[in-house]
Amino acid sequence: MTEATATEKSTILTVEAPANLDLESYIANYRGHTKVSRACFIAERCPALEIEAYKLALFETQTNSFDTHKYEHIIIRLNAALKARNEPEIPVDKEWIQTTQKQAKATAEKLEAELRNYKNNMIKESIRMGHNDLGDHYYSCGELANAQRSYTYTRDYCASSSHVVEMCLNVIKVGVEQRAFSYLHNYIVRAESVSDIPNKTNTISKLKCCSAIAHLESTNANKYKHAAKLFMEVAFGMENSFNEIIAANDVAVYGGLCALATFDREELKSKVIDNVNFRNYLELEPQIRELITSFYNSKYRTCLQILEEYKNDFLLDIYLSAHVEHLFSMIRRKALVQYFTPFSAIDLNVMAKSFSTNVKDLEDELAKLIAENEIQARIDSNKKILRVSEHQQDQRKLVFDRTVATGEEYQRASSALLLRLSLIKADMIVK
Amino acid sequence: MADSTATTAQSRAQETSTDEAVAHVVSNANLKDISNRLLPLLRAFTLTTYLGKCSNGADPLDQLDPQEQSLGYLFFITTRCISDLQSNARDLLRRLIFFISTFSPEQVYLAPERFTLIADALSHLAHRLESPIIPVRPLRTAIQRFCGDRPVFTSLHASLAKYALLAKLYKDPLPVLDWDIEHVDATLDTNIEGFLSYYYYGAMIYIGNKKYGRALEFLSLAISAPSQAVSVIQLECFKKYVLLSLIHYGKLLPLPKYTATVISKFVRRHCRQYISFADVYETQCIEKLTTALEKRREAFEKDNNWGLAGQCLRALQQQKIQGLTRTYITLSVSDIAKKVGFTGENANTEVEKNILEMVEQGSIFASIEHTGRGDHDEMVSFHDNPNSYDTSESLAILDEKISQAVMVGERLNRQDKSTALDRDFMSRVSHL
């Protein structure tokens, strides 16, 4: 976590206080490390919530983990923030650090000794448990690489499908925190392919969430669509049982935004609006539901307003933050394209009003869309009108142009090849 | 048989007089005699034999017929042009040009290394007469007559391109350059250096003619020629290739996939300036490109590519204007300037100039409306390309292109068949 933030640091943007975020209840939604990660994430980005968020993170770290490094890290940041605001600093709890470190060390030694013992006795199940306990302990201490290693070791001692799933989920949990998403994929697939998964729908839903998050972080061009599809398939039964990584509200937000950005009208209707499962999630985040329905009903102005209103919230989400701009622009572009679909010509002034923007900016936006072939139209900048281009003729011409070009290319390539053959045959080679 | 003639010819050559030489040439009339008896003799004759006069004082060139005794004439005339500084250059040039337009290709075919000397001969005469345009047309004729109807690479191709470039005669060599070579033959006194230079100079000639697509083809042929090492010519070709590719296609085209790996690795290492320039170009930002250009000024000037590089900037401007035609029906000149990235006081006039130039070239179809009143500045209306392939001419062009393609396809098939049957060739390819 600390490494990740260090590298991100250069590009961190500051976010103004979000209008709709209640930090305490937001953080209370989560369990485990993600609580601290998310609080820190917010603190780093949002000066208005910085102190509160760091305090929450500090409290969580001190009460529920052995991670003294993280504690020190947070308290340094917190005190720096307090100092900047001329508020009294919080004293470092040296005693806690010492006892915790001692305790952590003792526990690690004890667990390792036990594991050695199990190994000597060759009891498979005990060895697995031993590795697992050690992994849990390292995880609690924030030593992610060690935790990952211990969890991975249990692989050889898995006797039942529930063991395999447990192992995979543990590895995934640590992997997500390390943000090593590309590596997660193997374990997700592995867990999914287990024959009789215990507590099936729930587990599958968890895996889908992880997979979707991993997609978000991938470089795949269709990542948002993949992620959206996966989120749509998450069963509502999961609720908050996976909140050490993702809360039910997040499923609604992530899924809703990704779906809106990538699904076409039909998919939006069938996969989102009519999706009973997902509708339950949407109930948790009514603004997302409104967002989607307003978009579907072509009320783009409302839709864009909601997006603007919640933008800061989204920017403070640990997984969503990096994608907000991109998703927003995708949604906006889709809205523009859909708005224009039924028309053959439209006054830009009217259109600008519907998108609460001015004609000049709209013109630029549309120009970009046309250049990318999203809209088959051209702008009459003099009269401020967007007109559909005569499609038919263009197509025919395009085919001819392309044919001639392909023919010429073929001729050229063939002649070049013949010449090349002849050169080789004559042994005329650059030596 | 031929060998023994050669040795005896050599021993006799010392004392051969010009008279005897002329007699030899005259007495061997049919092609078989010429190749078996005359050729070894001609190759063995010394300089004095060729430079001498006949005993009756006549010029041996007057005694020979350039059409009937082409081979003999070729030996005499080339030696005279290159080594005889006494006789009248203008007279020699006249004879040489006459010879070039009448020689019998079959005879000349027998001594390709002598045929090569025609280029030297012309260059000597051009030097003596101080007129660089002299070699171009005769060389073109020589190549055309030597090849007949088969596009074969001759040893004169490179010289033609080079002298045309030196004389700045960009149009004259086109009939030869436009004719795609499909065959090379090492026995015709050709080599790979000549091949590479031909395509390099040829590309420059096409650049002179502003036929960038064709120039790119030439450059790419030189770069992708089969190689086990890298020639300096290929390196220079690649530099021009990068810039031209940007000017013509707006991006750096990949090299043909059969380009030798040595080449692609080498150019990547040694043409960083160019490749990074192409990267900047692809950002489509005029401002960035301008700075990038200035930064590389020294490197480009050193390579004599500064002019071409400057054209990249113009190409990008025009490319962006072209892009606007797809997006807009009308747009004011100042908006175009803003969108394309023209800055400074003259932005608007620059835009207009560019548009006019592009309309002239036929790359866009547009009209500019000068309303004359201050509040609304000049509007540019973009029209569709009126050529929608519904006239008989465009269909005829299409037909012609189809038949050309079919012809190439047939040649390719033939080559494919013969290659598949050639065991020698197959084994060599597997070693390359």
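Each chain gets a letter, A, B and so on, in the order its sequence line appears, and its residues count up from 1.
Here the CG atom belonging to B:Asp335 is positioned 6.5 Å from the CD atom belonging to A:Glu363, to the nearest 0.5 angstrom. If you take OH on B:Tyr258 and CD1 on A:Ile424, they are separated by 10.0 Å, rounding to the nearest 0.5 Å. Atom CD of B:Glu410 is separated from atom OG of A:Ser414 by 12.0 Å, given to the nearest 0.5 angstrom. A:Leu421 CG to B:Leu412 CG: the interatomic distance, rounded to the nearest 0.5 Å, is 8.0 Å.
The shortest distance between side-chain heavy atoms of A:Leu419 and B:Glu182 does not fall below 4.5 Å. Put simply, the side chain of B:Phe195 reaches to within 4.5 Å of the side chain of A:Leu423, judged on heavy atoms. When side chains are defined from C-beta on, B:Asn191 does not count as touching A:Met428, because their heavy atoms never get closer than 4.5 Å.
Taking chain A as the reference chain and counting heavy-atom pairs below 4.5 Å, the highest number among B:Glu193, B:Met407, B:Glu217 is found for B:Glu217. Ranking A:Ile385, A:Asp401, A:Leu369, A:Leu366 against chain B, the residue ahead of the rest is A:Asp401, based on heavy-atom pairs under 4.5 Å. Note: A:Arg420 leads A:Arg420, A:Lys383, A:Lys425 in heavy-atom pairs under 4.5 Å with chain B.
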| Worked verdict on A:Val430 versus B:Gln234 for side-chain contact (heavy atoms from CB on, under 4.5 Å) | CA-CA 10 Å; A:Val430 184; B:Gln234 286 172 307; 3.8 Å; yes
| task | Just do the side-chain contact (heavy atoms from CB on, under 4.5 Å) check on B:Tyr328 and A:Ile370 with the steps written out, would you? | result | CA-CA 9 Å; B:Tyr328 290 95; A:Ile370 298 170; over 6 Å; no
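Of the atoms belonging to B:Leu331, heavy atoms from both backbone and side chain fall under 4.5 Å from chain A. The contact between B:Asp180 and chain A is made entirely by side chain atoms (from C-beta outward), counting heavy-atom distances below 4.5 Å. Heavy atoms closer than 4.5 Å to chain A are found nowhere in B:Asp416, neither backbone nor side chain. Both the backbone and the side chain of B:Ile181 come within less than 4.5 Å of a heavy atom of chain A. Only the side chain of B:Leu196 comes within less than 4.5 Å of a heavy atom of chain A; its backbone N, CA, C and O stay farther away. Interface remark: B:Ser224 contributes backbone atoms only to the contact with chain A (heavy atom separation under 4.5 Å). With a threshold of 4.5 angstrom between heavy atoms, A:Glu408 approaches chain B through side-chain atoms but not through N, CA, C or O.
Judged purely by atom type and a 3.5 angstrom limit, A:Arg378 has no side-chain atom pairing as donor or acceptor with the backbone of B:Arg326. Judged purely by atom type and a 3.5 angstrom limit, B:Thr330 uses its side chain to pair as donor or acceptor with the backbone of A:Ser381. Between the side chain of A:Ser422 and the main chain of B:Val184, a donor-acceptor pair closer than 3.5 Å is present.
The heavy-atom pair separating A:Ala426 from B:Ala186 by the smallest distance is O-CB, 3.6 Å.
For the pair A:Asp364 and B:Lys339, the salt-bridge criterion is met [side-chain N within less than 4.0 Å of a carboxylate O].
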